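Shown next, in structure tokens, is the structure this report addresses.
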Amino acid sequence: MWGNFLMRKHREDDELAIIEALYAREESSANRTRIHTSILTGDMYVKEVLEGHELRCKRDFQMEKHIFHNLVECLRERCLLRDTDFVSMEEQVAIFLYAVSMNASNRTLQGQFQHSGETISRYFHIVLTALMVLSANVIQLPSINVPFKVASNPKFMPYFKDCIGAIDGTHIPVSISPTEQDPYRNRKGTLSQNVMVACDFENHFVHVSARWEGSASDARVLQDALQNNFYVPEGKFYLVDAGYANTPNFIAPYRNVRYHLQEQGRSNHRPKNPQELFNLRHAQLRNHVERIIGTLKKRFAVLKCATQYPIDSQAEIAIACCASVPPSPRRRSDGAIKLEKNHAIDSPKNRPEPTFFSLC
């Protein structure tokens with residue numbers, strides 16, 4: 001009997017504890033204070049920015065208002081995003097752009113858009129996935145025609161008539177668990193991913209390779225890109241720096257010869273030999289890819305410091321940032337000017353009005 005009494009006593013105590021817990025939960029819910037009490041909802045904030053001064057849209061979303069609308073419309077036409085009952089497509093894109101432009105935390109985004117942390121995270125990744133799909137259409141290989149930048153300048157023509165772009169690698173800081181850090185530690189001792197960027201001379205992205213550890217060399221990243229979806233048309237080449245091998249498709253500068261524009265400027269004299277002259281012209285053209293990388297990082301603060309996103313998402317963010325600012329339409333080749341030897345150049349005539357803009 002004593003055993004049965006103890007069992008009954010314990011059961012009653014457990015039931016009483018459950019009832020007290022439920023009562024405390026209901027009382028806590030009744031007395032809970034809302035965090036997001038601003039009269040300016042996320043949708044109202046986005047409308048205020050898009051209907052306000054042009055500079056405010058540039059400041060908050062790092063793009064002009066018509067560019068923002070074009071990006072939203074581009075995602076809508078491809079059925080990559082859709083309006084929901086509580087969050088419009090404009091607000092979804094705004095959440096992503098505000099996050100990558102300001103490197104804003106989830107808590108900051110909750111306060112700015114008046115949504116829960118789960119809602120913010122969900123729509124951030126929905127837009128990230130949509131931009132990754134869009135990147136396949138936005139980031140495309142360049143035209144094989146002679147670039148207008150080259151054809152219109154006797155300093156480059158005809159020596160670089162077969163050059164269609166420039167390639168460089170850039171390191172973007174990452175955060176990752178201590179057990180996986182070693183491959184991501186670069187030669188400076190910091191954690192980063194090595195991202196290869198290729199662009200043409202109209203400042204269009206033509207290829208982006210991410211997800212490589214910081215310890216990987218630029219040449220290794222390029223080799224992997226060539227084994228996947230990156231190729232060089234026959235008879236054409238890209239300009240690369242001394243970190244890459246000098247091959248018919250990838251032309252590097254002469255080694256042990258002044259190369260960088262700053263070095264050329266400090267020397268304060270004209271090139272003394274053909275090697276120095278070649279390096280000067282090489283640097284002037286390859287400077288396009290350095291400018292486009294610098295402008296990209298200046299525009300999107302998330303690329304300049306480590307974030308707490310999963311490592312796969314950190315790699316996707318780098319590509320999505322390139323795709324989120326679609327470039328202006330490429331120069332049309334239907335009215336290409338014919339040169340001697342039947343070389344065609346991309347003519348600036350009859351070019352359609354740009355609906356997007358390039359980074360530089």
Side-chain angles (χ1 to χ4, degrees), residues 40 42-78 80-83 87-105 108-109 112-113 120 123-140 170 172 195 197 199-200 202-206 208 210 288-289 291-305 307 316-330 351-360:
L40 191 66
D43 185 61
M44 294 172 62
Y45 160 70
V46 175
K47 288 181 179 179
E48 182 181 88
V49 172
L50 296 179
E51 295 173 0
H53 198 281
E54 186 79 24
L55 291 178
R56 187 175 181 190
C57 190
K58 286 184 179 181
R59 183 190 65 189
D60 290 4
F61 304 144
Q62 292 297 313
M63 61 177 58
E64 289 87 345
K65 290 189 290 186
H66 71 281
I67 302 298
F68 182 96
H69 288 299
N70 288 338
L71 176 59
V72 172
E73 190 61 29
C74 186
L75 294 170
R76 179 181 283 112
E77 289 177 354
R78 289 170 170 78
L80 299 177
L81 287 180
R82 63 180 181 86
D83 295 313
V87 185
S88 65
M89 282 184 57
E90 287 78 7
E91 187 178 358
Q92 295 175 38
V93 175
I95 289 173
F96 178 85
L97 291 178
Y98 192 93
V100 298
S101 300
M102 306 294 183
N103 191 28
S105 64
T108 300
L109 294 170
Q112 186 67 58
F113 293 92
I120 293 293
Y123 283 110
F124 178 91
H125 285 89
I126 287 175
V127 177
L128 176 60
T129 301
L131 289 174
M132 285 297 296
V133 177
L134 180 65
S135 66
N137 297 316
V138 174
I139 304 175
Q140 297 181 345
T170 182
I172 297 176
V195 179
V197 175
C199 75
D200 62 14
E202 298 296 331
N203 296 317
H204 300 144
F205 291 107
V206 299
V208 181
H288 280 76
V289 70
R291 289 208 314 269
I292 199 173
I293 291 174
T295 306
L296 183 72
K297 288 186 175 182
K298 183 178 180 181
R299 175 163 291 153
F300 299 114
V302 73
L303 302 179
K304 295 190 292 186
C305 54
T307 61
E316 292 176 349
I317 286 172
I319 300 175
C321 285
C322 300
S324 65
V325 187
S328 57
R330 300 183 187 280
R351 182 172 56 175
E353 288 296 323
T355 56
F356 299 121
F357 69 102
S358 59
L359 286 176
C360 298

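Source: prediction; values computed, not measured.
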Under the side chain to side chain donor-acceptor pair (under 3.5 Å) test, residues paired with [X] that sit two or more places apart:
X: Lys304; answer: none
X: Lys58; answer: none
X: Thr129; answer: none
X: Thr307; answer: none

Backbone N or O of Val127 within a donor-acceptor pair of the Gln92 side chain at under 3.5 Å?
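No; judged by distance alone, with no hydrogens or angles, the pair does not exist.
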Next item on the list: Measure from the side-chain N and O atoms of Gln140 to the backbone N and O of Asn137, and report whether any donor-acceptor pair falls under 3.5 Å.
Entry: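 Looks like yes, one N/O pair under 3.5 Å.
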For [X], salt bridge (charged side-chain N to carboxylate O under 4.0 Å, His left out) partners two or more places apart:
X: Arg82; value: none
X: Lys298; value: none
X: Glu91; value: none
X: Arg76; value: Glu73, Asp83, Glu90

Step through the shown structure and confirm whether more than 12 heavy atoms of other residues, nucleotides or ligands are within 6.0 Å of NZ on Lys47.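 No, because the 6.0 Å sphere around NZ of Lys47 holds 12 heavy atoms or fewer from other groups.
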What pairs of donor and acceptor atoms, side-chain ones from residues 95-104 against any protein atom, are under 3.5 angstrom apart with sequence neighbours left out?
unit_1, atom_1, unit_2, atom_2, d
Tyr98, OH, Gln112, OE1, 3.3
Ser101, OG, Leu97, O, 2.6

Once side chain to side chain contact (heavy atoms under 4.5 Å, CB included) is applied, do any residues pair with Arg59, and if so which ones, sequence neighbours excluded?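 Per chain and number, Arg59 pairs via side chain to side chain contact (heavy atoms under 4.5 Å, CB included) with Arg56.
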Practice task
Would you please name every residue forming a ring pair (Phe, Tyr, Trp, His ring centres under 6.0 Å) with Phe61, sequence neighbours left out?
Solution key: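 Here the qualifying residues are Phe68.
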